[in-house]
Amino acid sequence: MPSLALPSDMIQTFIALLLAHMLADFPLQTDRMVAQKRKLPVFLAHIALVYVATWGALGGAWHVALPVAITHGLIDAFKTWVLKRERANTLAAFLGDQTLHVLTLIAAAIYWPNAISNGLWAQAAQFLTPPALIITGFILTVSMGGTVVGKIMSGFDMTETGLPNAGKMIGTLERVMIYILVLSGQPAGVGFLIAAKSVLRFETAKDDRKVSEYVIIGTLASFAWALGAASITTLLLEIATQSH
């Protein structure tokens, strides 16, 4: 593919910002924090996590971490207190929120392209960027993917009939496997994964149309998200490599 000729410092700064965002919004933000986000102390704790994660990822660039955290807070405040609760919990609101966050990070990387090269990781930034991107892609594929699929499936009236949280765990594991297959250059293996899941689910779903449709929708949503997120990660890895 042709080189996009982006400055390496800008790319490294953006990836560091994106890693910090993904860590703060997913692994570091627990389900309990999400449920209680309308409480001001919980909200402020989340914004503090954004600041600390951004500061750490950039190697101490507080002058970048602070405006990023403040902007993150303003976007989240709108979703938390301005939007009605039922609308704020929709997939559209979630994706819109994440899009605004990413656009903010792009703007920050453009405005402060040398943020990471002037920080503690300056000498190692070139070597830290690929693993940082791989971790970011993993969170995007697995954790964020779980949230997206969950919001899609919440629109269907289906009570859990199997083991508690088993469906969620199956979805997590399949996205992990897809991510590994795509990044290792073996996307064809996803077809075998689909076939294996179809065989295992066949006996459960064949006699109940409602269950079968629910499983199909959830599976397609999970696989589509994982393939897309893993492909984006692969593309960003190529761009990051070309910029060196």
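Side chains included, hydrogens not; waters and symmetry mates left out as well; all remaining heavy atoms used.
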Starting at OG1 of Thr54, measure out to CG of Leu19 and round the result to the nearest 0.5 Å.
-> 9.5 Å

Decide whether Ile47 and Leu66 are clustered together by the hydrophobic rule: side chain heavy atoms of Ile, Leu, Val, Met, Phe, Trp, Tyr closer than 4.5 Å, transitively.
-> no

Start with the C-alpha distance between Asp25 and His72, add both sets of side-chain angles, then the distance that settles side-chain contact (heavy atoms from CB on, under 4.5 Å), and finish with yes or no.
-> CA-CA 10 Å; Asp25 251 16; His72 189 110; 3.4 Å; yes

Check the pair Ile139, Met144 against side-chain contact (heavy atoms from CB on, under 4.5 Å), reporting the backbone distance first and the verdict last.
-> CA-CA 6 Å; Ile139 298 172; Met144 186 174 173; 5.7 Å; no

Below 4.5 Å, heavy atoms only, C-beta onward: do Trp81 and Asp76 meet side chain to side chain?
-> no

With the side chain counted from C-beta on, respond yes when Leu100 and Phe78 share a heavy-atom pair under 4.5 Å apart, and no when they do not.
-> no

Distance-minimising heavy-atom pair for Ala115 and Val64 | CB-CG2, 3.9 Å

Are any non-hydrogen side-chain atoms of Thr172 and Val142 less than 4.5 angstrom apart?
-> yes

Minimum heavy-atom distance between Lys151 and Asn89, given as atom pair plus value | NZ-O, 3.1 Å

Is any side-chain heavy atom of Arg38 less than 4.5 Å from a side-chain heavy atom of Phe43?
-> no

Trp62 CH2: over 12 foreign heavy atoms closer than 6.0 Å | no

Over 60° means perpendicular and under 30° means parallel, so classify the ring planes of Phe138 and Tyr179, tilted if in between.
-> perpendicular

Would a hydrophobic clustering, with Ile, Leu, Val, Met, Phe, Trp and Tyr connected at side-chain separations under 4.5 Å, put Leu83 with Leu91?
-> no

Atom CE of Met33: over 12 foreign heavy atoms under 6.0 Å | yes

Ala16 and Ala57: which non-hydrogen atoms are nearest, and at how many Å?
-> O-CB, 3.4 Å

Give the cluster check for Leu74 versus Leu103: same hydrophobic cluster or not, with ILVMFWY residues linked at side-chain heavy-atom distances below 4.5 Å.
-> no

Applying the 4.5 Å side-chain criterion to the ILVMFWY set and letting contacts propagate, would Met169 and Met177 be lumped into a single cluster?
-> no

Give a yes or no on this: more than 12 heavy atoms of other residues, nucleotides or ligands lie within 6.0 Å of atom CH2 of Trp112.
-> yes

Heavy-atom side-chain proximity of Leu95 to Val148 below 4.5 angstrom | yes

Report yes or no: do Trp55 and Leu28 belong to one cluster of Ile/Leu/Val/Met/Phe/Trp/Tyr joined by side chain heavy-atom distances under 4.5 Å?
-> no

Is any side-chain heavy atom of Ile75 less than 4.5 Å from a side-chain heavy atom of Lys79?
-> no

In Å, rounded to the nearest 0.5 Å, how long is the span from OG1 of Thr219 to CD of Glu174?
-> 5.5 Å

Drop me the distance from Thr233's OG1 to Leu140's CG, to the nearest 0.5 angstrom.
-> 5.5 Å

Nearest-0.5 Å distance that lies between atom OG1 in Thr129 and atom CG in Leu236 | 11.5 Å

One should read off an interatomic distance between Leu237 CG and Ile134 CD1, to the nearest 0.5 angstrom, of 5.5 Å

So, for Phe26 and Ser143, which heavy atoms are closest and what is the spacing to 0.1 Å?
-> CB-CB, 4.0 Å

Walk me through it: do Asp9 and Gln12 pass the test side-chain contact (heavy atoms from CB on, under 4.5 Å)?
-> CA-CA 5 Å; Asp9 286 353; Gln12 292 164 5; 3.9 Å; yes

From Leu133 CG over to Thr234 OG1, what is the distance, rounded to the nearest 0.5 angstrom?
-> 9.0 Å

For the pair Ile178 and Thr141, evaluate side-chain contact (heavy atoms from CB on, under 4.5 Å) and give the outcome as yes or no after the intermediate values.
-> CA-CA 9 Å; Ile178 290 170; Thr141 303; 5.7 Å; no

Option among Val50, Val34, Leu23 that satisfies the side chain to side chain contact (heavy atoms under 4.5 Å, CB included) test with Gln29 | Val34

For Gly146 and Arg175, which heavy atoms make the closest approach, and how far apart are they?
-> CA-NH2, 3.1 Å

Closest approach of Ala109 and Leu17, non-hydrogen atoms and distance?
-> N-CD1, 4.0 Å

Please determine which of Val190, Leu181, Ile232 meets the side chain to side chain contact (heavy atoms under 4.5 Å, CB included) test together with Leu227.
-> Val190

